[in-house]
Amino acid sequence: MRPVDPRLLRRARASAAYLMVCVALGVLTAGLVIAQAGLLAHGIAAAFMGGADLADLRSTLGWLAVVFLARAVLAWGSEAAAHRASATVKSQLRTQLLQHAVQLGPRWLAGRRSAELTALATRGVDALDGYFSRYLPQLVLAVIVPIAVLLRMAPADLVAALTVLVTLPLI
């Protein structure tokens, strides 16, 4: 199976807005992770190399708490949007399956086992949950987040950024 199945991708259009929300929240989360890393680096360097005490680090610790809280809120929002995206697509698929079965008529339905159709409409469609709620948003983020990290790394340490850039395709 290819990473992106065109048949399933066409179905994703029904939930494109929710998937875009998932991606946007993922990008914001990546920005917060980068900010968190910078705050941690600043705090650790100030404490161990600069001799800063807890009172001196109060501002940094406060911003770290804000970042942690913001990441938690974004994680909740991302989960909610992902589940809504998946539910939208699954509802659409079930409706189309039922419409198609009705169009084929009672003669076609009589020749089929109703358990197979029921399994397809329930467990079969539910199996797509992870694809629409997790996989598609993460696929987009897998492209965007490394670029954001490299853009943040380059001004701080060009050699490290180039090393990551060269080794990233190996991962």
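All residue numbers refer to positions in the sequence shown, counting from 1.
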*Asks:* Within the 4.5 Å heavy-atom criterion, are Leu40 and Thr60 side-chain neighbours or not?
*Replies:*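 Not in contact.
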*Asks:* Working to the nearest 0.5 Å, report the span between CG of Leu69 and CG of Leu64.
*Replies:*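 Between atom CG of Leu69 and atom CG of Leu64 there are 12.5 Å.
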*Asks:* Can you get from Val21 to Val145 by hopping between Ile, Leu, Val, Met, Phe, Trp and Tyr side chains that sit under 4.5 Å apart?
*Replies:*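 Unlinked, Val21 and Val145 end up in two clusters.
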*Asks:* Hey, does the side chain of Arg94 reach the backbone of Thr122 with a donor-acceptor pair shorter than 3.5 angstrom?
*Replies:*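 The answer is yes, because a donor-acceptor pair under 3.5 Å joins these two groups.
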*Asks:* Would you find a donor on one side and an acceptor on the other, under 3.5 Å apart, between the side chain of Asp56 and the backbone of Asp53?
*Replies:*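 Yes.
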*Asks:* Would you compute the distance between atom CD of Gln92 and atom CD of Gln96 and round it to the nearest 0.5 angstrom?
*Replies:*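 Here the rounded value is 4.5 Å.
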*Asks:* Do Gln36 and Phe68 make a side-chain contact, defined as non-hydrogen atoms from C-beta onward lying under 4.5 Å apart?
*Replies:*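 Yes, their side chains come closer than 4.5 Å.
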*Asks:* So does Arg152 pair up with Asp157, basic N to acidic O under 4.0 Å?
*Replies:*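 Here Arg152 does not pair with Asp157 in a salt bridge, since their nearest N and O are not under 4.0 Å apart.
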*Asks:* If you look only at pairs with a residue in residues 17-29, which of them pass as a side-chain hydrogen bond (donor to acceptor under 3.5 Å, both in side chains), with sequence neighbours excluded?
*Replies:*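 Those involving residues 17-29 are Tyr18-Arg84.
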*Asks:* Decide whether Leu28 and Trp63 are clustered together by the hydrophobic rule: side chain heavy atoms of Ile, Leu, Val, Met, Phe, Trp, Tyr closer than 4.5 Å, transitively.
*Replies:*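 Per the 4.5 Å side-chain linkage, Leu28 and Trp63 are co-clustered.
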*Asks:* Please give me the minimum heavy-atom distance between Leu57 and Gly43, naming the atom from each residue.
*Replies:*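 Smallest heavy-atom distance, with atoms named: CD2-O, 3.9 Å.
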*Asks:* Nearest 0.5 Å please: distance from the CH2 atom of Trp76 over to the CD atom of Glu79.
*Replies:*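 Those atoms lie 11.0 Å apart.
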*Asks:* What are the two closest heavy atoms between Ser15 and Val89, and how far apart are they?
*Replies:*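 Here Ser15 and Val89 meet closest at OG-CG2, 3.2 Å.
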*Asks:* Look only at the side chain of Ser86 and the backbone of Ala82, and say whether a donor-acceptor pair between them is shorter than 3.5 Å.
*Replies:*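 Looks like no, no N/O pair under 3.5 Å.
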*Asks:* For the CE atom of Met153 and the CD1 atom of Ile34, what is their distance to the nearest 0.5 Å?
*Replies:*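 Atom-to-atom, Met153:CE and Ile34:CD1 are 10.0 Å apart.
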*Asks:* Rounded to the nearest 0.5 Å, what separation is found between the CG atom of Leu165 and the CD1 atom of Ile147?
*Replies:*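 Going from CG on Leu165 over to CD1 on Ile147, the span is 10.0 Å.
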*Asks:* Could you tell me whether the side chain of Leu19 reaches within less than 4.5 Å of the side chain of Val23, counting heavy atoms only?
*Replies:*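 When only atoms from C-beta onward are counted, Leu19 and Val23 do not touch, as no gap falls below 4.5 Å.
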*Asks:* Considering non-hydrogen atoms only, spot the tightest contact between Leu25 and Gly77 and give its length.
*Replies:*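 Here Leu25 and Gly77 meet closest at CD1-C, 3.4 Å.
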*Asks:* Would you say the side chain of Val27 lies within less than 4.5 Å of the side chain of Leu141, judging by non-hydrogen atoms?
*Replies:*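 A side-chain contact exists here, since the closest heavy-atom pair is under 4.5 Å.
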*Asks:* Assess whether atom CG of Leu54 is packed by more than 12 heavy atoms of other residues, nucleotides or ligands within 6.0 Å.
*Replies:*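 Counting other residues, nucleotides and ligands, CG of Leu54 stays at 12 neighbours or fewer.
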*Asks:* In the single-linkage hydrophobic clustering (I, L, V, M, F, W, Y; side-chain heavy atoms under 4.5 Å), do Phe132 and Leu139 co-cluster?
*Replies:*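 Yes.
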*Asks:* Drop me the distance from Arg134's CZ to Asp129's CG, to the nearest 0.5 angstrom.
*Replies:*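 Reported to 0.5 Å precision, the distance equals 8.0 Å.
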*Asks:* Is the shortest side-chain heavy-atom distance between Leu74 and Leu32 below 4.5 Å?
*Replies:*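 Leu74 reaches Leu32 side chain to side chain.
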*Asks:* Tell me whether the count of non-hydrogen atoms from other residues, nucleotides or ligands lying under 6.0 Å of NE2 in His42 goes above 12.
*Replies:*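 Counting other residues, nucleotides and ligands, NE2 of His42 stays at 12 neighbours or fewer.
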